[in-house]
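Numbering of residues begins at 1 and proceeds along the displayed sequence. These figures come from a predicted structure and were not determined experimentally.
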Amino acid sequence: MSEKKFALQKLSDGYLQVEAAIVRDIICAVNDWNRWNPAYTGDVYSYCAMSADDVAHAEQDELIDLVPVGSVEFCSFFAQKQGFAPLPALNVPPALRGYKWTGRIVGEVPDMDTLGKALTVYEKENPSYLTLIKPADIAKRFDLIGVNSGFYKQALEEKPGPYFISEELKPKILAEWRIFFRRGRIVAAKPYILDEWVCPDQTFVEDALHTWADAPTAGTLDVAVLADGNTVVIEAHPLIACGLYGFDDPELLDMLCDAWKWHISSH
């Protein structure tokens, strides 16, 4: 038996951040269930509420056994206080960047000069082309920006590369789903955009997870269902600082621990 401990983000108003509050409720429910289950011999879960200021003033050894739950900024700061890297921007993993998986052009460029050359090439094919730009290194280093060759320098001022670039999808998106997985196994699927009641292709998702051989131990794969009937990959994340969209299975607690262990052991 072991204890798994979580640091839940406390906001400036004293309340817990949304996902942190959900995890607190799951911890309480699981511990309650285990208390009354005579056959139980498994893990014990506990939590403490911490603000960013609490983390800033904590000693490193006070944080080392804790798994943070909260915003990207909170979890990245927590990792850095533990002596690890901030959260990585997985975007679309290299193994899934083929047109078969994404239905669009995606890739990475190291700097603004290379980005400008790429935009010029893309726009020869489509003069109204808009490229979506995200950081390719650190999650949420800046927010998603749409650019073209005419104004990318102004839009990305003080936002240096590397950049992840993505063509806009041409078929209409009917629905977007977040797939929660653990060790390549689909644990749950939750919609976060549902203009029409359409579900992702299960075989496509299973094949994508099989192809993504170096995926985090636990994570999410966001997919879209398009008007032409295809399912495509939108982006991926380790299961750290992710919106849960109603996913509240007790297995989430172990998945959060798995994802955090993956991060601190590989970054």
Side-chain angles (χ1 to χ4, degrees), residues 71-77 79-80 85-179 192-193 195 208 211-212 214-216 219-228 230-243 245 263 267:
S71 67
V72 170
E73 294 79 9
F74 177 80
C75 293
S76 280
F77 181 50
Q80 290 172 291
L87 301 187
L90 298 186
N91 297 308
V92 177
L96 300 178
R97 289 182 186 172
Y99 203 87
K100 164 188 175 181
W101 301 112
T102 63
R104 65 199 190 279
I105 297 169
V106 299
E108 289 183 19
V109 294
D111 51 42
M112 195 173 290
D113 287 343
T114 312
L115 173 62
K117 294 173 184 175
L119 292 176
T120 300
V121 171
Y122 294 160
E123 289 170 17
K124 285 181 181 178
E125 299 288 328
N126 184 353
S128 61
Y129 191 91
L130 186 66
T131 303
L132 304 176
I133 308 293
K134 297 177 71 175
D137 49 358
I138 298 171
K140 292 293 180 76
R141 180 164 58 82
F142 59 83
D143 291 331
L144 178 72
I145 300 173
V147 304
N148 63 28
S149 61
F151 65 88
Y152 71 96
K153 290 184 178 178
Q154 300 93 314
L156 294 170
E157 188 178 2
E158 299 182 0
K159 297 178 178 67
Y163 304 111
F164 177 78
I165 60 177
S166 173
E167 179 185 11
E168 286 190 304
L169 282 163
K170 294 178 176 65
K172 181 183 177 183
I173 295 175
L174 302 182
E176 291 187 34
W177 291 71
R178 174 155 289 180
I179 311 299
Y192 56 94
I193 294 175
D195 292 342
T211 300
W212 186 15
D214 59 349
T220 65
L221 185 68
D222 293 348
V223 298
V225 184
L226 307 180
D228 62 8
N230 288 321
T231 299
V232 297
V233 171
I234 298 298
E235 62 184 4
H237 310 271
L239 191 59
I240 306 169
C242 286
Y245 302 114
H263 175 64
H267 298 85

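One distance of note links CG of Asp222 with CD of Glu235; it measures 5.5 Å at 0.5 Å rounding. Distance check, rounded to the nearest 0.5 Å: NZ of Lys134 to CZ of Phe164 gives 7.5 Å.
For the pair Arg97 (side chain) and Gly107 (backbone), a donor-acceptor distance under 3.5 Å is absent. Formation of a donor-acceptor pair under 3.5 Å by the Arg178 side chain with backbone atoms of Tyr245 is not found in this model. Without hydrogens or angle criteria, Asp137 side chain to Gly161 main chain gives no donor-acceptor distance under 3.5 Å. Between the side chain of Arg104 and the backbone N or O of Lys170 there is no donor-acceptor pair closer than 3.5 Å. In this structure, Ser76 contributes its side chain and Leu87 its backbone to a donor-acceptor pair below 3.5 Å.
At least one side-chain heavy atom of Leu226 sits under 4.5 Å from a side-chain heavy atom of Ile173. At a threshold of 4.5 Å between non-hydrogen side-chain atoms, the residues Leu221 and Leu96 count as touching.
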Inset, instruction - Take Trp177 and Thr231 through the test side chain to side chain contact (heavy atoms under 4.5 Å, CB included) and record every step on the way to the result. - result: CA-CA 10 Å; Trp177 291 71; Thr231 299; over 6 Å; no
Inset, instruction - Show your reasoning for whether side chain to side chain contact (heavy atoms under 4.5 Å, CB included) applies to Ile133 and Tyr152. - result: CA-CA 9 Å; Ile133 308 293; Tyr152 71 96; over 6 Å; no
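What you find for Val147 and Ala155 is that their closest heavy atoms are CG1-CB, 3.8 Å. When all heavy atoms of Glu176 and Ala224 are compared, the pair lying nearest together is CG-CB, 4.0 Å. When all heavy atoms of Tyr163 and Ala136 are compared, the closest pair comes out as C-CB, 3.6 Å. Considering every non-hydrogen atom in both Tyr122 and Ile105, the closest pair reads OH-CG2, 3.5 Å. In this structure, Ala95 and Trp212 approach most closely via the heavy-atom pair CB-CA, 4.2 Å. The two atoms that bring His263 and Ala85 nearest to each other are NE2-O, 2.7 Å, heavy atoms only.
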